[in-house]
Number of protein chains: 4
Amino acid sequence: MPASEPEVPRRTLRKQREKEQRIAAILAAAEKLFAQKGYQTASMGDIADLAEFSTGTIYFYFKNKEDLLIRLMNDCVYLLRESLAGGLRSSDFALADFCQVGQVFLLDFCSRYPEKATILFRETVGQGAEVEEQRKQLFEKLTADIQGGLEEVCRREGDIVISAPLMELIAVLTVGLYAQVAYHYLIWRDESDRIPEISDQTVTFLLAGVNALLQQQLEGRA
Amino acid sequence: MPASEPEVPRRTLRKQREKEQRIAAILAAAEKLFAQKGYQTASMGDIADLAEFSTGTIYFYFKNKEDLLIRLMNDCVYLLRESLAGGLRSSDFALADFCQVGQVFLLDFCSRYPEKATILFRETVGQGAEVEEQRKQLFEKLTADIQGGLEEVCRREGDIVISAPLMELIAVLTVGLYAQVAYHYLIWRDESDRIPEISDQTVTFLLAGVNALLQQQLEGRA
Amino acid sequence: MPASEPEVPRRTLRKQREKEQRIAAILAAAEKLFAQKGYQTASMGDIADLAEFSTGTIYFYFKNKEDLLIRLMNDCVYLLRESLAGGLRSSDFALADFCQVGQVFLLDFCSRYPEKATILFRETVGQGAEVEEQRKQLFEKLTADIQGGLEEVCRREGDIVISAPLMELIAVLTVGLYAQVAYHYLIWRDESDRIPEISDQTVTFLLAGVNALLQQQLEGRA
Amino acid sequence: MPASEPEVPRRTLRKQREKEQRIAAILAAAEKLFAQKGYQTASMGDIADLAEFSTGTIYFYFKNKEDLLIRLMNDCVYLLRESLAGGLRSSDFALADFCQVGQVFLLDFCSRYPEKATILFRETVGQGAEVEEQRKQLFEKLTADIQGGLEEVCRREGDIVISAPLMELIAVLTVGLYAQVAYHYLIWRDESDRIPEISDQTVTFLLAGVNALLQQQLEGRA
DNA sequence: GATGAATGAGAGTTCATTCAT
DNA sequence: GATGAATGAACTCTCATTCAT
């Protein structure tokens, strides 16, 4: 293996790495400030200061302030979906397991990254058409993931056949459940210590709810 | 001294009425524009134009733009709580009835006043500390109402005793369920025609969830 | 004396009196607020509130806000000139007596009406061309009074002949002396208790100054 | 390591210089307009136009309009105190010399910079609490300078001992004398040609006044 | 690539003044 | 005469964005 001929020269790699580090630094600063002071209140100057760059540099890496917020939102959802996917991939896949993904959301995502949760559920709402459009699409992906997980469960569980609209509703309801728990108990109040208990109860609630809907559908079809 | 003479002269009454009409007109204009263009994008000038007043007049009736939003939010929640209270007051009060209040929310509130729903769930989020504080308090009242209704049900249903934190969680989950349904099916998509069906299914879900949590608690205490 | 035929009907007199009372009330409110919060900061609404009238009423009695300030300034100068004239009219009129008028200014005017002094020396300065023009004219009258008093003294004292420009300068210097004392010891610091002593010393200073200038002129002409 | 290399690169120096030039240009424009149209009437837009910058640029260098006025006032007082210090430093230091500083004020400051004089004595008065507070402090410094000069004279002249309050009063009176002369003969009327003569006479007046107070104190103590 | 001074449109807000009642 | 709601011009100030260096 001749070390003398790298396909991509080392220098380019380093530059690439540095570039990504700078982007990460800016995003980290923006995340912190948006969560702390709010998207509107935090100025590009504030972000530049915290990231230890000049204002102009931010504009080299990001189109504008909105882009920053959208990138942040994307990253949040990406991370969240990764976590959920990890949870959903776990073997021995039953409905009960499916419902466990809420734990992942509350413990692995919200508790660990409270600022990301704040961005996702607060600072990203009510910020104009463009952000809203992106947000909608991201949440649809999230909903689709959940729906996908549920479909998988149904398939494995055997002969449960469930209509797509109902499946989607279940996903929507699941998102609503957890979003409100996060907002209420983590963003508004800071009761992180109660989260494990609340998470358990929410699972119970969700599981019963889902079962009831499945049951109802079966009966309806019968 | 003839008692038939009104203590308050007619003229004063008319002035009072006109004043309230003007306030209502301004709020209506703000509501429309905030829902349509967004809180940030709609300017005080826009609102004044639509309300057919001058900018200054808006400031005669409202402290500032934020005040306008907060007033709007208050009115939304007031209206919503009135509706829910009406639903909750209905006789023959059982758990199943309790769960019907979601219908009231979706059909009597969101569908009839989609702009109010948009204000409440979108334009009122992420608009800074003051608005957020008010929003939190209003949602706590809403949650408390639901909790109150549930307590009433438990009392009537007999010997069901339920811990306050759990009761609160149920209320929070209920809010989450319906908030997400409204956002997903009415604000994002406009699928008002599916609402009745969705509403039914959500009731089933909610009822099962609540029952499961009550059951769990009874067992836990046993 | 037939009481049945008043030249001016009683009602008219009463109305006239009431009108003047209202004007006085408004001016008093304006004086207080201008001195307290400053001319710019005090709004017409503030003045109306304090005077217990509506905004519109102020405009029935005064052309505009500037008019209010100018009227106030006029009244101040009128009162001040009255006081000074009283002092200057006192018999046994010598140069030393002339210089006593400063006492009148400090004790009878500034100490008794600190708000008027504040209007005259602070709030009336730097408020635009119209006010400045009026102020200039009022101060010229004031200067002319002092000059007049001094001329009277010179005439009585015998053969002292003094050129008009010098006389004017002396008047200007006198105004400067007392204006600064008032500003420094009453508006900036509140050392009213030191005023008698300071007043005495200022008289000594003034007397010596005036004498020196008179002396110089005599020598110059000789 | 060659010592000839400058620690601070040339470019930085040039930038620094340019920055100061821009600040000076803005201040010059503000000074001109405040003196001409008045502080209230001159808008930030006017200043920006005259300085050939955009409005925003003014706010890059100055906090707000008031800051501009205060900076201007500071600069005036700084310049004035420099001039006076130069005058007071002159050798052969006698009371007569001390009194000459008025010449410096009238000829070197007011006549040369009539706009600065207008700012200092007119536009800076009656502009609200913050400006007034700064003004008071600046005038106290000015008064202290004069007092200091007088103390120096007394020390050199021999055994003249003078109480601090009296010394301060003399300084205050001196300021009053010259301030009024400047206002009367330069701001109100434009009689710059009479200034030399007036200045002489004011010196005579001041000198006699000061001497009289010193004399009085000596006698009082005897 | 990075900088940060310059931009300038645009917003919210104030308030002296008016005038129909 | 008195009222106070309505006006609307004018202001200060912000800040996302650009671009010459």
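Naming: A, B, ... by sequence-line order, numbering from 1 per chain.
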Ranking D:Gly56 and D:Tyr39 by the position along DNA chain F of their nearest nucleotide, the one closer to 5' is D:Tyr39
Taken to the nearest whole Å, CZ/C:Phe62 to P/E:dA16 is 15 Å
Using atom CD1 of C:Ile47 as one end and atom P of E:dC15 as the other, report the distance to the nearest whole Å. 12 Å
With heavy-atom distances below 4.5 Å as the criterion, would you say the side chains of B:Met44 and B:Tyr59 are in contact? yes
What is the distance from CZ of B:Phe60 to C1' of E:dG12, rounded to the nearest Å? 19 Å
With sequence neighbours excluded, residues passing salt bridge (charged side-chain N to carboxylate O under 4.0 Å, His left out) with D:Glu18: D:Arg14
Between B:Thr57 and D:Phe53, which residue's closest nucleotide on DNA chain E lies nearer the 5′ terminus? D:Phe53
Would you say the side-chain atoms of B:Lys65 pair up with the backbone N or O of B:Ala42, donor to acceptor, closer than 3.5 Å? yes
Quick one: label D:Ser43 by what it contacts on the DNA or RNA (base, sugar-phosphate, nothing), any heavy atom closer than 4.0 Å. sugar-phosphate
By nearest nucleotide on DNA chain E, pick out whichever of B:Thr55 and A:Lys15 is the more 5' one. A:Lys15
May I ask you to test the A:Ile23-A:Phe62 pair for a side-chain heavy-atom distance under 4.5 Å? yes
Among D:Leu33, D:Leu27, D:Thr55, find the residue that satisfies the side chain to side chain contact (heavy atoms under 4.5 Å, CB included) test when tested with D:Ile47. D:Leu33
D:Gly38 and D:Glu123 have their tightest heavy-atom pair at CA-OE1, 3.4 Å
Would you please say whether a donor-acceptor pair under 3.5 Å links the side chains of D:Glu66 and D:Gln127? no
Does B:Glu52 have any salt bridge (charged side-chain N to carboxylate O under 4.0 Å, His left out) partners at least two apart in sequence or in another chain, and if so, which? none
Under a 4.0 Å heavy-atom criterion, DNA chain F is touched by chain A from F:dA16 to F:dT18
In this structure, which one of B:Arg22, B:Arg17, B:Gln16 forms a side chain to side chain donor-acceptor pair (under 3.5 Å) with B:Glu20? B:Gln16
A:Ala42 or C:Glu52, whichever maps to the more 5' nucleotide of DNA chain F: C:Glu52
Determine whether D:Tyr61 and D:Lys19 make a side-chain contact, defined as any pair of heavy atoms from C-beta on separated by less than 4.5 Å. yes
Each base of DNA chain F marked ( ) or [ ] if paired in-strand (Watson-Crick or G-U under 3.5 Å), | if paired to another strand and . if unpaired gives .||||||||||||||||||||
Any salt bridge (Lys or Arg N to Asp or Glu O under 4.0 Å) pairs touching residues 23-47 of chain B, not counting sequence neighbours? B:Glu31-B:Lys116, B:Lys37-B:Asp46
Rounded to whole angstrom units, what separation is found between the CG atom of C:Asp49 and the P atom of E:dC15? 13 Å
For DNA chain F, determine which residues of residues 21-38 of chain B have any heavy atom closer than 4.0 angstrom to one of its atoms, and list them numerically. B:Arg22
D:Tyr59 atom OH is separated from E:dA11 atom P, nearest whole Å, by 18 Å
